[in-house]
Amino acid sequence: MPTVVASDPRATLRGGLPDRYLTPDDIADMFGVPLETVYQWRRKRTGPPGFRIGKHLRYDPADVRAYVMQRKSTGQSAA
């Protein structure tokens with residue numbers, strides 16, 4: 001029986017890692033911030049680390065999880 005992947009991007013941080021890289025829209029939905037904030041984090045190097053696939057920005061779920069855990073352990077705000 002195939003595994004069902006949660007459609008809610010926030011579920012990736014709660015229920016395990018998805019089998020795909022995350023988009024900036026996924027990150028914005030996860031953190032409840034505007035998409036422009038995600039791009040500002042990228043420019044300022046303050047948000048989760050992303051990488052480019054051609055012209056597309058993607059985020060590794062493991063890196064996003066590590067970013068969240070690091071922020072939680074140090075009590076830092078996101079920006």
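None of the values given here were measured: they were computed from a predicted structure.
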Quiz item: Given the side-chain rings of Tyr67 and Tyr59, with only the six-membered ring counted for Trp, is the space between their centroids under 6.0 Å?
Solution: no
Quiz item: How would you list, by chain and number, every residue that makes a side chain to side chain donor-acceptor pair (under 3.5 Å) with Arg43, sequence neighbours excluded?
Solution: Glu36
Side chain to side chain, [X] and [Y], heavy atoms closer than 4.5 Å:
X	Y	result
Asp63	Pro48	no
Met30	Val68	no
Val33	Gln40	no

Quiz prompt | Stepwise side-chain contact (heavy atoms from CB on, under 4.5 Å) check, Ile27 with Arg42 | solution = CA-CA 11 Å; Ile27 299 298; Arg42 173 98 170 137; over 6 Å; no
Self-check item: Any donor-acceptor N/O pair, Asp26 side chain to Thr23 backbone, under 3.5 Å
Solution: yes
Self-check item: Flag if over 12 foreign heavy atoms under 6.0 Å of CZ, Arg45
Solution: no
Exercise. Mind checking the CZ-OG1 spacing from Phe31 to Thr37? Nearest 0.5 Å is all I need.
Key: 12.0 Å
Practice problem: Following the transitive rule for hydrophobic clusters with a side-chain heavy-atom cut-off under 4.5 Å over Ile, Leu, Val, Met, Phe, Trp and Tyr, establish whether Met69 and Leu22 coincide in one cluster. | Solution: no
Exercise. Considering non-hydrogen atoms only, spot the tightest contact between Tyr21 and Pro61 and give its length.
Key: CD2-CD, 4.1 Å
Quiz item: With sequence neighbours excluded, what pairs up with Tyr39 under the ring pair (Phe, Tyr, Trp, His ring centres under 6.0 Å) test?
Solution: none
